[in-house]
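Hydrogens, waters and symmetry mates play no part in the numbers below; they use all other heavy atoms, side chains included.
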Amino acid sequence: MEGKNVQHLLNGSCSSSTRDNDDAEYDVCDEDLKDEYCDPENPLCLHFYEISTAAYKIRDGIQQTPCTKSQMSQSLGMELYFKKEFLQFTGSFKERGARFTLLQLSPEQQEAGVVAASAGNHALALSYHGHSLGIPVTVVMPIVAPIMKLSACRQFGANVIVKGDDIGESKKYAMCLAKKKGLVYINGYDHPHILAGQGTIGLEILSQVPDIDACIVPVGGGGLIAGIAVAIKTLNPNVKIIGVESERCASFSAALKAGKPVYTKSCSTLADGLAVPTIGVNAFHTSKTLIDKMLIVKEAFIALAILRLIEQEKAVVEGAGAAGLAAIIQGLVPELKGKKVVALLCGGNIDTTALGRVLERGLATEGRLVRFVVTVSDRPGGIAELTKIIADLGVSIKDILHERAWLKSDVFSVQVKCVVETTDIEHSRRLEKRLREIYTHVIWGPEHCGVIDVE
């Protein structure tokens, strides 16, 4: 590490004589809260030996996940491999950094415990490995955190505090707890040991697919791509490191443009794990010269990537985990045609209540779920004729609704709104062509049915 000695910080920066079990007193903290491991004035850059150390120390506590060739390789025009980090016990790559960071604590710090702010995967990883290692873990989660993940943290024995309207408020509260109770605050994407733990993925990728040309990594806070970039570039500088962000929160791209981490407004996104408004200072300074290309993907293609992973790879992956494949499908990496590429599937903890909606959005993006409006005769048999046309083409009707009162043409017509499912976009086009041949008034197109041509 450059600058401050990390172990010195870990051994001495969080001591406090204040011990009070009543968390209510920390609702307001007037002291200057500063994470000494993530100091913008003195960033810590990761070195390869720290990743090697992490790989040795966590080897018995995490899964060495497979990196297998994708069935989509031929259709995408490249030899594509997926590194399946969603197969970790808690469903994400976060376990690597969490376990290594916990193992690096002094005996006194392990006895006192740690605290973190997280709405999901980091909280799960710390809770699970804290329980495994006998280290008390407190996680502060915002009120928007999924109940499923909150319950899972409690099942792993963590002290779960629901505090804050967003992760920023939760972080302030968690840092105040750390200062008042003598706990170690662990930043889930920028603590130096977190970066080292995540870098072990890069070592595994090179051992599993040694002659790759490029590695595509989802980017949120930056810790994952920083660790992987150091590991891979040290061993094979010729491998291209490509980062992928959601269009709803492209904070790393903004930081590269500004030359430093800057606040970027975050909007609701399918890839909620990538929605980090300000990237980590250590992650940025470690990886800024190692990343060959940064990409920004559209939400529709993230949904499509989730759908294709389920259908073709039998892999249930969250939005953040599917971002790398989304970039390939969107056509953002034409230079990788014919190359050997690894895309990281970094997490699988998608909210089950949202999965159905995401799959439908993916079907719509691919042109397999189509919405259209057609005006037909309101005399007996008018709608029956329409449904027969649809059925004769092998199209399945998902929903149908007809309206009379708001139609401004003749009173003997009815407007029929349909949602149908087809096999592919060519099938949809055949249906559209047939309807236009028979009916005068057909409303169809991307602006009406949500279809994006992915060819």
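At distances below 3.5 Å, at least one donor-acceptor pair connects side-chain atoms of Arg248 with backbone N or O atoms of Ser268. Ser251 places a side-chain N or O within donor-acceptor distance of the main-chain N or O of Val276, the cut-off being under 3.5 Å. Of the possible donor and acceptor atoms, none in the side chain of Gln198 sits under 3.5 Å from a partner among the backbone N and O of Ala226.
Between the side chains of Glu421 and Ser396, no donor-acceptor pair of N or O atoms lies under 3.5 Å. For the 3.5 Å distance criterion, the side chains of Gln208 and Lys83 qualify, holding a donor opposite an acceptor. Side-chain contact, Glu299 with Thr269: a donor N or O sits under 3.5 Å from an acceptor N or O.
Ion pair Glu311/Arg368 flagged as a salt bridge, since at least one NZ, NE, NH1 or NH2 atom sits closer than 4.0 Å to an Asp/Glu carboxylate oxygen. Here Glu360 does not pair with Lys398 in a salt bridge; the nearest charged N to carboxylate O distance is not below 4.0 Å.
Note on ring orientation: taking the six-membered ring where Trp is involved, the planes of His47 and Tyr49 are parallel (angle under 30°, cut-offs 30° and 60°).
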Let's go through Lys34 and Glu41 carefully: what are the C-alpha distance in whole Å and the side-chain angles of both, what is the deciding distance for salt bridge (charged side-chain N to carboxylate O under 4.0 Å, His left out) to 0.1 Å, and is it a yes or a no? CA-CA 12 Å; Lys34 185 177 181 180; Glu41 302 300 322; over 6 Å; no

Full working for side chain to side chain contact (heavy atoms under 4.5 Å, CB included) between Asp35 and Tyr185: CA-CA 8 Å; Asp35 185 351; Tyr185 175 77; 3.6 Å; yes

For a salt bridge (charged side-chain N to carboxylate O under 4.0 Å, His left out) check, start with the C-alpha distance between Glu426 and Arg429, then their side-chain angles and the critical distance, and finish with the verdict. CA-CA 5 Å; Glu426 285 300 326; Arg429 286 168 178 162; 2.8 Å; yes

Applying side chain to side chain contact (heavy atoms under 4.5 Å, CB included) to Leu126 and Thr101, what does each step give before you reach the verdict? CA-CA 9 Å; Leu126 270 182; Thr101 304; 5.9 Å; no

Verify side chain to side chain donor-acceptor pair (under 3.5 Å) between Gln88 and Lys94, making sure each step is shown before the conclusion. CA-CA 9 Å; Gln88 295 292 347; Lys94 291 284 189 178; over 6 Å; no

Run Ile161 and Leu177 through side chain to side chain contact (heavy atoms under 4.5 Å, CB included) and show every step you take. CA-CA 11 Å; Ile161 301 172; Leu177 278 178; 3.7 Å; yes

From CA spacing to verdict: ring pair (Phe, Tyr, Trp, His ring centres under 6.0 Å), His131, Phe156: CA-CA 6 Å; His131 179 73; Phe156 291 140; 7.5 Å; no

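The two atoms that bring Ile329 and Ala305 nearest to each other are CD1-CA, 4.0 Å, heavy atoms only. Counting all heavy atoms, side chain and backbone alike, Met148 lies closest to Ile350 at CE-O, 4.3 Å. Between Phe100 and Glu50, the closest heavy-atom pair is CZ-O, 4.2 Å. The two atoms that bring Cys38 and Asp190 nearest to each other are CB-OD2, 3.4 Å, heavy atoms only. Minimum heavy-atom separation, Pro210 to Asn236: O-ND2, 4.4 Å. Annotation for Pro43 and Val281: closest pair CB-O, 4.0 Å, computed over non-hydrogen atoms.
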Under 3.5 Å, which donor-acceptor pairs link side chains of residues 211-224 to any protein atom two or more places apart or in another chain?
residue	atom	partner	partner atom	Å
Asp211	OD1	Lys340	NZ	2.9
Asp211	OD2	Lys340	NZ	3.2
Asp213	OD2	Lys340	N	2.8

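Remark: Glu111 CD is loosely packed, at most 12 non-hydrogen atoms of other residues, nucleotides or ligands lying under 6.0 Å away. With a 6.0 Å radius and a threshold of 12 heavy atoms from other residues, nucleotides or ligands, His427 has its NE2 atom above the threshold. Atom NZ of Lys240 has 12 or fewer heavy atoms from other residues, nucleotides or ligands within 6.0 Å. Under a cut-off of 6.0 angstrom, the local environment of NZ in Lys288 is crowded, with over 12 non-hydrogen atoms contributed by other residues, nucleotides or ligands.
Looking at residues two or more places apart in sequence or on another chain, you find a side chain to side chain donor-acceptor pair (under 3.5 Å) between Asp351 and Thr353.
Partner of Ser70 under the side-chain hydrogen bond (donor to acceptor under 3.5 Å, both in side chains) criterion, out of Arg308, Glu79, Glu313: Glu313 alone. Partner of Val114 under the side-chain contact (heavy atoms from CB on, under 4.5 Å) criterion, out of Leu102, Leu183, Val139, Thr138: Leu102 alone.
Pairs of residues two or more places apart, or lying in two chains, that qualify as side-chain hydrogen bond (donor to acceptor under 3.5 Å, both in side chains) and include a residue from residues 114-123 are Asn121-Glu318, Asn121-Asn349.
With values rounded to the nearest 0.5 angstrom, Leu150 atom CG is found 10.5 Å from Gln155 atom CD.
Using a 4.5 Å heavy-atom threshold, the side chains of Val395 and Val370 count as separate.
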